[in-house]
Amino acid sequence: MVTRLPPEPSGFMHIGHALSGLLNYLYKEMYGGKLWLRFEDTDPRKVRPEYYDSYRDGYSWVGIRWDHEKNNSDDMELFYEHARRLIEEGKAYACTCDRERMRRLRAEGVECEHRSREREWHLEMWDGMLSGRFGEGEVSLRLMGDMRSANTTLRDPVIMRIVDHPHPLKGDRYHVWPTYDFAVSIEDAVCGVTHVLRTSEFALRNELQDLIRSYLGMPNPTYVEYERFEFEGTPVARREIRALIEKGVIGGWDDPRLATVAAIRRRGIVPEALREFVLRYVAMTQSRKVYSWELLHAINRRLIDGTTPRMFFVDGPALLKLRGFEPVEVELPLHPEGHMGTRKIRASGELYVRFQDLLEVGVGGVLRLKHLANVRVLEIGDGRALGEALPGPPEPGMRVVQWVPVESAVPVRVLVPGPLFGPDGAFNEESLRVVEGYAERNVLNLKRGDRVQFERFGYCVRDSDEEPVFVFTHR
RNA sequence: GCCCCGGUAGUAUAGCCCGGUCAAGUAUGCCGGCCUCUCGAGCCGGAGACCCGGGUUCAAAUCCCGGCCGGGGCACCA
């Protein structure tokens, strides 16, 4: 069994590519087969050199290991050879119709006069294409298909066309490029691909690609189609994302609200979570699916929980002064199960706690400063309060809260991404909330990419080495 | 407009091909409880679905027909 990953290096890799890649990888692993990474880079105008690596990195990151790699652009001579053979055998012809006319005739199912020209003329035109005698759009090579087929892709599609634009890898060495269907058909056969697992927008092309191969005497693969993967409130279409970036609505391709691999990685999703997600929730059915992020987040949470240290972060802080409190240094576990060691915090009589907690406990109420002391609230003012430390251990029923000493508090910002679009398709103005507050000093020991769970707030990833800025992963 | 393909709880899936064991399983989310010095983890319990209408059959989520709804394709892009 041989499967393949066929990315077009023309934009950033997103979660859909990762999921689809995982499906191909997992299947070939299951059957002990081979996997190809093959770049579909036959449109010189769209391909950008930096995206080749973006896919290699992305696939590697999710844990995919491929057995072979190539670029379609490496096989230009092969495409030329097969194209010529098709003309010689009367299976392809040169056509000088302009784009508009070709489109109309194909829609109407009508053959043009070029189709019935003599073979020598087609051969001569083909040679002319290769030698640079024609400019872009003047001639193209078409497959002898079926102009009356209900499947419109079979109506003599163009298989080779002239492109006057340098290719990022090949420079201006080639001016005649294969179209997608021609390149894929040949490459899948050449690579020995036995199973094509892909999204269903290609379904109509199966018949065409099989036809091309039958003309060339090549074997066909088995096709398995499934719907594209969408996630709630998150656009995946490149042009849509590009528009958002250009409008300045989002920061870039790794904006944490996005579903690009760069974004979910930055946000703290681990690759194992994606793998488990595929096994558990992804089915190769053709029904429409819009996954909710919760499904992925729940898996991710379980995976990172045991190895993520806990720290204190107070959002919506209020200054709490404690009457009669002796400064102490407390040592608290980095993880409730105790296997991650401890951290220390020196606490004095002035602390930040969540104002909301104070309000909910109310004057006269008692709350527990976790691992520090019980406190009776004496007064609550505007963003400040006065309390009295009580001796003794925590008692059942007390609200246990996080706290940060004023003198060592680190001002922290947490970027909390939400859905970019609401269910009605309207842009979500609050898609990125910036939560400000104070965190314990120990957060400064965290490096960019390190995760923490801010207790009673959620899992976060440090986003910058210079500043204490975090990205919210999930609850 | 033409051509394909789908429709199981809020979400994603299992079951459908080979009709009965499905008064429909699982996960997540939600609600309630237990546990816990986090609103995290863990444990227990609860509510929640076969798009609609016909047909075939002793029996239909499963087979057939129609309708409705949804998705995709109709480039010298991939």
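Each chain gets a letter, A, B and so on, in the order the sequences are listed, and its residues count up from 1. All values reported here derive from a predicted model rather than from experimental measurement.
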Enquirer: Measuring centre to centre across the rings, with the benzene-like ring taken for any Trp, is A/F277 within less than 6.0 Å of A/Y291?
Expert: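 Between A/F277 and A/Y291, the centre distance is under 6.0 Å.
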
Enquirer: Go through B/G73, B/C76, B/G10 for me and flag the one nearest to the A/T179 side chain.
Expert: B/C76

Enquirer: Is the shortest side-chain N/O distance from A/Y291 to OP1 or OP2 of B/U28 below 4.0 Å?
Expert: no

Enquirer: Would you mind classifying the nucleic acid contact of A/R99 as base, sugar-phosphate or nothing, using non-hydrogen atoms under 4.0 angstrom?
Expert: base

Enquirer: So what is the 5' to 3' dot-bracket string for RNA chain B, if pairs are Watson-Crick or G-U wobble with both distances under 3.5 Å, crossing pairs use [ ] and | means the partner sits on another strand?
Expert: (((((((..((((......[....)))).(((((.......)))))....(((((..]....))))))))))))....

Enquirer: Under the ring-ring contact (aromatic ring centres under 6.0 Å, His included) test against A/F472, which residue among A/W293, A/F313, A/Y459, A/F457 passes?
Expert: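 Passing option: A/F457.
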
Enquirer: With a non-hydrogen cut-off below 4.0 angstrom, is A/T42 in contact with a base, only sugar-phosphate, or nothing?
Expert: sugar-phosphate

Enquirer: If the cut-off is 4.0 Å, is A/K289 near the phosphate of B/U13, judged by side-chain N/O to OP1 or OP2?
Expert: yes

Enquirer: At 4.0 Å (heavy atoms only), tell me whether A/Q286 reaches a base, stays on the sugar-phosphate, or touches nothing.
Expert: sugar-phosphate

Enquirer: When you get a sec, tell me which of B/A78, B/G29, B/U26 is the closest nucleotide to the side chain of A/A298?
Expert: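 Looking only at heavy atoms from C-beta outward on A/A298, the closest nucleotide is B/G29.
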
Enquirer: Less than 4.0 angstrom between a side-chain N/O of A/R161 and OP1 or OP2 of B/A78, yes or no?
Expert: yes

Enquirer: Go through the structure and list residues passing side chain to side chain contact (heavy atoms under 4.5 Å, CB included) with A/R103, not counting sequence neighbours.
Expert: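 Expected list: A/E100.
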
Enquirer: Side chain of A/E201: nearest nucleotide among B/A14, B/G29, B/G72?
Expert: B/G72

Enquirer: What residues form a side chain to side chain donor-acceptor pair (under 3.5 Å) with A/S140, not counting sequence neighbours?
Expert: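 Scan of A/S140 (side chain to side chain donor-acceptor pair (under 3.5 Å), adjacent residues dropped) gives none.
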
Enquirer: Could you tell me whether A/V290 contacts a base, only the sugar-phosphate backbone, or nothing, with contacts defined as non-hydrogen atoms closer than 4.0 Å?
Expert: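 Sugar-phosphate only.
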
